[in-house]
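See below for the structure under consideration.
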2 protein chains.
Amino acid sequence: MTITEVNPNDPRVVRTRQLIIDAFVDLLGKKDFYSITVSDISKQATINRATFYAHFTDKFALIDRFLSASFIEFAHKRVNQYSELTEETIQSIVITLCEYHEISQKLCRRNYEAIAPHVEKNIKVELEHMILQIMIKDCKDTDEDTLRLAANILTWSIYGVTYRWNIEKRSETPQQFAEKILPILRGGFLD
Amino acid sequence: MTITEVNPNDPRVVRTRQLIIDAFVDLLGKKDFYSITVSDISKQATINRATFYAHFTDKFALIDRFLSASFIEFAHKRVNQYSELTEETIQSIVITLCEYHEISQKLCRRNYEAIAPHVEKNIKVELEHMILQIMIKDCKDTDEDTLRLAANILTWSIYGVTYRWNIEKRSETPQQFAEKILPILRGGFLD
DNA sequence: CGACAGTTGTTGCGAATGCAACAGATTATA
DNA sequence: TATAATCTGTTGCATTCGCAACAACTGTCG
């Protein structure tokens with residue numbers, strides 16, 4: 001655990017992190033996550049190994065941050081903060097998560113099941129935040145603690161069920177799957 | 001004229017120069033050479049403008065080095081040092097230069113005529129060196145001063161005639177052109 | 001078992017880069 | 001013409017990065 005604090009706005013820092021991420025993505029296309037070494041990443045990124053450790057604790061922290069950032073970017077394209085908590089929005093979230101799992105698994109080859117647990121926490125935090133923002137805006141008469149609880153439950157439900165959809169067969173498209181589970185979710189979450 | 005001496009083997013230096021060159025090539029595809037500023041290049045390369053000046057005196061030095069390096073790489077693929085001074089080799093050199101002019105002009109859009117003079121000197125130095133090496137190896141009985149003279153004359157002839165071929169119509173292919181001018185060159189240069 | 005090669009984090013120090021400000025030159029605009 | 005805006009090189013100082021070496025750990029081979 002080093003991470004000598006660097007200024008994240010320094011252009012050198014921005015560039016270095018991008019080099020690391022680009023190298024990492026490139027290597028993920030060729031090798032298993034577990035056979036990629038920090039040396040590999042550093043070489044590919046044309047940076048020194050010590051510099052890697054100035055930015056990330058280890059390669060788990062790297063994939064963690066990378067997949068979290070990917071999810072945030074991905075999700076914000078589909079569900080913006082001005083959405084309302086309609087069935088359509090919930091569907092969008094379900095579909096987004098399905099597609100996110102698909103993409104991540106493809107990117108990480110056959111290692112996604114091993115990697116997902118490292119990232120799961122961040123994704124859920126972000127997802128819950130998104131859902132909570134929509135709820136707060138949409139249900140101004142309900143107290144926030146209750147909304148937090150509801151957002152938490154909805155988040156875990158959707159994450160869990162889409163994760164399962166992904167590692168199992170994926171016999172349906174995300175769209176079909178979303179339509180199928182929406183009645184189940186509606187039972188409790190929507191007024 | 002700054003160029004605070006940097007160690008050309010330092011990986012940061014290698015990377016920075018590559019970033020500058022990549023940015024430059026990219027911009028050359030969009031803008032005229034003369035409307036590209038050092039600021040443009042620096043921004044595109046994600047480096048500081050002051051860093052640019054640590055590597056190149058100005059943008060002329062940049063295109064100079066870039067085109068020279070391109071030529072050297074290009075020429076060495078076609079004429080290696082083990083060639084003999086045959087008509088075939090001369091033809092290869094002529095064709096190489098034609099194609100080099102073509103590529104450079106395409107890269108620099110309609111500015112090649114203005115840029116070429118900056119680069120011409122380096123190209124000719126390199127070309128003369130290539131030709132001289134072949135001559136020395138091939139004519140061991142002739143003294144070196146005479147060979148230098150011959151290499152110099154041959155270099156300027158070929159450079160000049162191919163440059164002209166390029167800026168004028170280019171009604172013939174490099175191959176046809178090489179075949180056409182070879183008899184003229186042969187008159188004096190080949191035994 | 002021991003020897004070996006490779007990976008992981010960590011450190012101090014020197015070199016490269018970023019920043020902000022500057023004067024002077026060039027170019028755009030009114 | 002004037003006057004603002006932009007670009008050019010240059011500088012001193014702060015920060016980041018590369019290097020080389022290190023101990024600790026892992027896996028492999030005989």
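Predicted model, so just to flag it, every value in this text is computed and none were measured. The chains referred to below are lettered A, B, ... by the order of the sequence lines, with proteins before strands, and numbering in each begins at 1.
For the pair B:Asn7 and C:dA15, the criterion of a side-chain N or O lying under 4.0 Å from OP1 or OP2 is not met. A sub-4.0 Å separation between OP1 or OP2 of C:dT17 and a side-chain N or O of B:His55 is present. Of the side-chain N and O atoms in A:Thr51, one or more sit less than 4.0 angstrom from OP1 or OP2 of D:dG18.
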Wobble G-U and Watson-Crick pairs count when both distances are under 3.5 Å; given that, what is the 5' to 3' dot-bracket string of DNA chain C, with | for pairing to other strands?
||||||||||||||||||||||||||||||

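Of the N and O atoms on the side chains of B:Glu179 and B:Gln175, at least one donor lies less than 3.5 Å from an acceptor on the other residue.
With DNA chain D read from its 5' end, the first of the two nearest nucleotides for A:Arg12 and A:Thr46 is the one closest to A:Arg12.
Figure legend: cation-pi geometry between A:Lys59 and A:Phe24 absent, as NZ or CZ is not positioned both under 6.0 Å from the six-membered ring centre and within 45° of its axis.
Considering only side-chain atoms of B:Val13, the nucleotide from C:dT11, C:dA16, D:dC17 that sits closest is C:dA16. With C:dA16, C:dG18, D:dG9 as the candidates, the nucleotide lying closest to the side chain of A:Pro11 is C:dG18.
Centroid-to-centroid, the aromatic rings of B:Tyr163 and B:Tyr100 stay 6.0 Å apart or farther.
When the side-chain contact (heavy atoms from CB on, under 4.5 Å) test is applied to A:Asn48, the partners found at least two apart in sequence or on another chain are A:Ala50, A:Thr51.
Note on residues 139-159 of chain B: pairs passing ring-ring contact (aromatic ring centres under 6.0 Å, His included), not counting sequence neighbours, are B:His101-B:Tyr159.
B:Glu88 CD: 12 or fewer foreign heavy atoms inside a 6.0 Å radius.
For B:Arg49 against C:dG18, no side-chain N or O and base N or O form a donor-acceptor pair under 3.5 Å.
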